[in-house]
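Everything below concerns the one structure shown next.
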Amino acid sequence: MSRYNAREVEAKWQSTWETNQTFETRTDLSRPKYYVLEMFPYPSGNIHIGHVRNYTMGDVVARFKRARGFNVLHPMGWDAFGLPAENAARDKKIHPAEWTYANIANMRKELKSMGLSLDWSKELATCHPGYYGKQQQLFLDFLDKELVYRKESWVNWDPVDMTVLANEQVIDGKGWRSGALVEKRKLNQWMFRISDYSEELLDGLKDLDRWPDRVRLMQENWIGKSSGARVNFKITDTPDHLEIYTTRPDTLYGASFMAVAADHPLTQKLAIDNPKVAEFVAECHRMGTSEEAIEKAEKKGVDTGLTTDHPFIEGKKLPIYVANFVLMDYGTGAIFGCPGHDQRDFEFATKYGLQINRVVAGPDGETGPLTEGPYIGPGEIINSEFLNGLDVEAAKKAAISKLETLEIGSETINYRLRDWGLSRQRYWGCPIPVVHCEACGTVPEKPENLPIELPEDVTFDKPGNPLDHHPTWKNTKCPSCGKDAIRETDTMDTFVDSSWYFARFCSPRSDAAVTREDVDYWLPVDQYIGGIEHAILHLLYSRFFSRAMKVTGAVGYDEPFAGLFTQGMVTHETYRSESGEWLLPQDVITNDAGDPVHIETGEKVVIGGVEKMSKSKKNVVDPAEIIDKFGADAARWFVLSDSPPDRDMEWTDAGATGAWRFKQRLYRFVVENLDKSAAINSEAPTEFSDAALSLRRETHKTLASVTDSIEKLHFNTAIARIYEFMKALGDFKCSGTDGAWALREAMETMTALVGPMMPHLAEELWEMLGHTTILADSPWPTVITDLTVDNTVTIAVQVKGKLRATIEVAKDEDKAKVEELALADESVKRAIADAPIRKVIVVPNRIVNIVI
RNA sequence: GCCCCUGUGGCGGAAUUGGUAGACGCGACAGAUUCAAAAUCUGUUGUCCAUAGGGCGUGCCUGUUCGAGUCAGGCCAGGGGCACCA
């Protein structure tokens, strides 16, 4: 019996593809393009199963589209800047660059063992000056167009990583990497003007019809559009005004106080000579920002002694409080409080004994005082003079129009999205190419000085920014006046690196950041594949970058990713010893009694839940070992076969073994049946026996169905269909020249179909079938539509909606005839018995339902 | 609190988009092969009553329909996103 040697065969074809430069691509305007991209990995050291799943999916699409005649761009690179390299430097005394490049070398080797159809000639690493130097050029271009600016602002400071975090990187008040409680600090920061693009970024989502709805929704929520009004309240007996933002101008008559944030300019002014205010501000800064702290925090405030005049009610004064629940970075940092119709205002008013005025009637017309809590719902406006009798929405419009007439307010759209702070006080990132000069201020570097390279001789033993500690690096000359000046020592957030790499892939060695001709041809990315965890940050930043690069003329598109697919995670059972220690799957074995035991100790093992693979729970499998044991093809097949690609899948050895079995079975089938099949390229017979025709039908139906499934990225159903086809092949009794021909057709089709998923085996079979070409260069087989349509159909017969029989009838048979056949069926007759037939519904080629 | 998604055998999941529920895989059971095992092959495998055959069955309840996993309304459970956002 022939056995397939995956290790040898896979190495053979990988080297053939490499030698022939099979997957190298160039811009070719005469051909339709297809850009397939998987989110590039961080070079942590090893690929994990999640990468295997991600890159296999991308590879299937890439190989499929190649076969369908597209000029396919399928590149790979490394998201290579970031803190882990600095941690490794500190802990292992190895330079970040050395650590990173060694990891890249290893991961490249591992990826190559998967047999991916990647154009390695386009490989890039974001930590290479050839990449980050171009990014510095982009930064200068952005600076020129005022897409980036510098300002002193309150930032999220991670005291463990000693760096600034973007709002997006603070989760529950903790740093996303370190988990440390984030503090507020005031620092000079470089900011991208992403908030200027709020409306465009929101609007653009509508046209991204090949994005998952939930990702679009997440971005929509993140941008957080709300419409309301800005209103200027006059501060009593002063020429000053307090500007507030509200979404409920309809409740202005219910106002009973004003509240400003602790960081509001007014508060800061008052704090100078009001110790109570100063003390309260300090208290607010001490307060944690974690979810728990916020939930427990009482609504607190301090009366400033100032009041504002009510805009509509002559003589009514509203006390101004500094309140801990008002945020400086949303709206204007100031609100008017309407306790009757807002939860927080209600709590605040209750605590400080402020009026709770009702201005919206309840659903049943209630107009009584609100004592239990605020009323948030819709209703008729009351106690509000000119607004009385209107519903909430109409009253909003009327109130705004009055404010506009009085010239003290206007309708305003507000967004939750804030500008993107990109400064990081780290070494292993892209240096921000500006210089601080005492005379000239902040001066951009001259483009000819780029790249501003990182120094190599750095130390990591002191906390803080190694670039700042470097004895000489930051000393430079001012690009403007030539005097001594200090280089900016902050580096860019690594999300900047990943916001344009897909454009750089089109011409990775270009002198310019991107070559317009190439990006115009290749972009947008036709199919982007990656994890849901990037649904907001990376994708939103990239969408902003595309717009910014359009402003500088670097690119011509708005949306970088036309199609997005978010794949699920890979999970695994967890194992613990009786003493509670986590155990690696490879150290657990099933003993003769069928119980799981620890290999070394023989101790009983407790099987825990199926969870996301994590190092801490040790429920990980190493792709290198998997590929060694089962072969790359089987690993690829299994990650595609078991679950729909957007859902989590469980890695099991049994499943991988199943994939391995299929690979052997298919190989053996071809080996054993090759000489029964017709010669390559032989002419098709004119007549086919029933058996041969039936196989041909199966071949073309499978082809049609698998093609459709891959097109929709339904890899699991594509594989299920291939299994069925395999069964049909196994059952086929080959005889005659027509049989031999049908068998060859079936085997060639099968080989082509498994090609995108198990490329090495498929190349091997293709060669065995007598081809001298490479399968990866061969076109996808063509469906003969006539053979996908049967001339008889099986029709279900229901009596009162319950299935009683199935009948075989000619396709498109006359309704009356179908009804007659259905009524003649014994089981149907029995089910009807003596009951009178009230109605017979015949759906052509589908079903008959007899109503009694 | 607000917004969204999911719920189908022992398990992962199919289901032509309102038309035969459980394709395909895993697991399990039985048999063949073997001195034996592995590997391989062939069956069986939603559940209950059972002899043909029939009852029940897609988280729960109601409804629309000749017909509902699929549509509508209301629950329950699990998961995700946002969150003192005015």
Side-chain angles (χ1 to χ4, degrees), chain A residues 1 3 172 212-222 224-226 228 244-248 251 259 261 287 289 291 293-295 297-299 323-327 329-338 341-345 347-348 376 414-418 532 535-536 571 610 637-638 641-644 646-650 652-659 661-662 664-665 668 705 708 714 716-727 730 794-807 827 830-831 838-852:
Chain A
M1 192 195 295
R3 243 172 184 252
D172 286 350
D213 287 342
R214 90 177 151 138
V215 175
R216 291 197 283 180
L217 199 71
M218 282 162 76
Q219 294 219 350
E220 195 180 312
N221 291 339
W222 190 264
K225 183 178 182 173
S226 74
I244 62 98
Y245 172 75
T246 180
T247 56
R248 294 297 302 272
T251 63
M287 194 181 77
T289 49
E291 190 179 354
I294 285 167
E295 230 156 64
E298 204 182 352
K299 307 283 173 285
N324 64 352
F325 65 92
V326 181
L327 307 172
D329 44 13
Y330 184 78
T332 62
I335 61 160
F336 81 82
C338 178
H341 305 285
D342 182 278
Q343 183 64 41
R344 291 150 306 175
D345 296 351
E347 286 173 38
F348 192 80
I376 315 291
N414 199 56
Y415 301 91
R416 213 186 66 100
L417 184 65
R418 277 162 259 154
I532 186 73
I536 299 171
T571 62
V610 175
W637 186 258
F638 175 55
S641 68
D642 226 31
S643 299
D646 52 344
R647 278 200 226 170
D648 290 353
M649 68 160 291
E650 186 190 348
T652 61
D653 255 30
T657 308
R661 262 202 303 262
F662 175 73
Q664 296 294 339
R665 207 164 123 212
R668 208 169 45 238
S705 149
D708 185 56
H714 295 171
N716 56 325
T717 52
I719 284 177
R721 200 70 189 75
I722 290 172
Y723 273 114
E724 286 186 82
F725 186 36
M726 188 68 231
K727 199 178 274 178
T794 308
I795 287 189
V797 183
Q798 296 179 336
V799 177
K800 263 171 73 185
K802 280 195 166 47
L803 181 75
R804 295 299 168 184
T806 57
I807 52 173
S827 307
R830 195 168 45 236
R838 290 200 288 161
K839 200 170 168 189
V840 178
I841 289 146
V842 181
V843 182
N845 302 325
R846 281 277 148 77
I847 204 162
V848 175
N849 193 4
I850 298 157
V851 190
I852 53 173

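The structure displayed is predicted, hence computed values, not measured ones.
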- Item | Of A:Ile852, A:Val851, A:Val797, A:Val848, the residue whose pairing with A:Val840 passes side-chain contact (heavy atoms from CB on, under 4.5 Å) |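 With A:Val840 as partner, side-chain contact (heavy atoms from CB on, under 4.5 Å) holds for just one option, A:Val848.
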Tell me the interatomic distance from [X], atom [atom1], to [N], atom [atom2], rounded to whole angstroms.
X        : N     : atom1 : atom2 : result
A:Lys800 : B:G19 : NZ    : C1'   : 19 Å
A:Met218 : B:A83 : CE    : P     : 11 Å
A:Arg846 : B:A68 : CZ    : C1'   : 16 Å
A:Ile847 : B:A68 : CD1   : C1'   : 12 Å
A:Phe725 : B:A23 : CZ    : C1'   : 17 Å
A:Asn221 : B:C5  : CG    : C1'   : 13 Å
A:Tyr723 : B:G22 : OH    : C1'   : 18 Å
A:Ile719 : B:G25 : CD1   : P     : 12 Å

Distance between the [atom1] atoms of [N] and [M], in whole angstroms?
N     : M     : atom1 : result
B:G9  : B:G69 : P     : 14 Å
B:U70 : B:U58 : C1'   : 10 Å
B:A72 : B:C85 : P     : 32 Å
B:U51 : B:C61 : C1'   : 38 Å
B:G59 : B:C11 : P     : 13 Å
B:G10 : B:G22 : P     : 16 Å
B:G55 : B:U40 : C1'   : 40 Å
B:U17 : B:C71 : P     : 14 Å

Remember a base hit wins even if backbone is also touched, and classify [X] as base, sugar-phosphate or nothing at under 4.0 Å, heavy atoms.
X        : result
A:Thr247 : sugar-phosphate
A:Val843 : base
A:Asn716 : sugar-phosphate
A:Leu327 : base
A:Arg248 : sugar-phosphate
A:Gly224 : nothing
A:Lys802 : sugar-phosphate
A:Ser827 : nothing
A:Val326 : base

- side-chain contact (heavy atoms from CB on, under 4.5 Å) evaluation trace for A:Gln798 with A:Ile847: CA-CA 8 Å; A:Gln798 296 179 336; A:Ile847 204 162; 3.5 Å; yes
- Message: Rounded to the nearest 0.5 Å, what separates atom CD1 in A:Ile807 from atom OG1 in A:Thr794?
- Response: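 These two atoms lie 9.5 Å from each other.
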- Task: Drop me the distance from A:Thr717's OG1 to A:Arg721's CZ, to the nearest 0.5 angstrom.
- Result: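 Output value for this atom pair is 10.5 Å.
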Is any side-chain N or O of [X] closer than 4.0 Å to OP1 or OP2 of [N]?
X        : N     : result
A:Arg416 : B:A83 : yes
A:Lys727 : B:C24 : yes
A:Arg661 : B:C26 : yes
A:Arg647 : B:G13 : yes
A:Asn324 : B:C84 : no
A:Tyr330 : B:A86 : yes
A:Arg804 : B:G53 : no

Among [options], which is the nearest nucleotide to the side chain of [X]?
X        : options             : value
A:Pro644 : B:G27, B:A21, B:G13 : B:G13
A:Leu803 : B:G12, B:A21, B:C41 : B:A21
A:Leu217 : B:C3, B:C41, B:C82  : B:C3
A:Asn849 : B:G80, B:C66, B:G54 : B:C66
A:Glu724 : B:C26, B:C24, B:U40 : B:C24
A:Arg830 : B:G27, B:U20, B:G54 : B:G54
A:Ser226 : B:U40, B:C84, B:A86 : B:A86

- Looking only at non-hydrogen atoms, find the nearest pair between A:Ser643 and A:Asn716 and report the distance.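 The pair with the smallest heavy-atom distance is O-CB, 3.7 Å.
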- Under the 3.5 angstrom rule, does the side chain of A:Thr571 hit a backbone N or O of A:Met649 as a donor-acceptor pair?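 Answer holds: yes.
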- Query: Any sub-3.5 Å donor-acceptor pair from A:Asn849's side-chain atoms to A:Gly801's backbone N or O?
  - Reply: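 Checking the backbone N and O of A:Gly801 against the side chain of A:Asn849, a donor-acceptor pair under 3.5 Å is found.
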- Query: When the nearest nucleotide of RNA chain B is assigned to A:Arg665 and to A:Ile841 on a heavy-atom basis, which residue is associated with the more 5' position?
  - Reply: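 Result: A:Arg665.
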- Position toward the 5' end of RNA chain B (nearest nucleotide), A:Ala720 or A:Lys839: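 Closest to the 5' end, via its nearest nucleotide, is A:Ala720.
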May I ask which nucleotide in the shown strands pairs with [N], Watson-Crick or G-U wobble, both distances under 3.5 Å?
N     : result
B:C84 : none
B:U34 : none
B:C56 : B:G46

- Query: Will you find, in the side chains of A:Ser226 and A:Tyr245, an N or O donor that is under 3.5 Å from an N or O acceptor?
  - Reply: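 The answer is yes; a qualifying pair exists.
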- Is the glycosidic torsion of B:G13 within 90° of 0, making it syn, or is it anti?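 For B:G13, whose glycosidic angle is more than 90° from 0, the conformation is anti.
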- Message: Tell me if B:U17 is syn or anti. Syn = glycosidic torsion within 90° of 0, anti otherwise.
- Response: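 Syn.
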- Task: May I ask you to check whether over 12 heavy atoms, not counting those of A:Arg416, lie within 6.0 Å of atom CZ?
- Result: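 Enclosed: over 12 neighbouring heavy atoms sit under 6.0 Å from CZ of A:Arg416.
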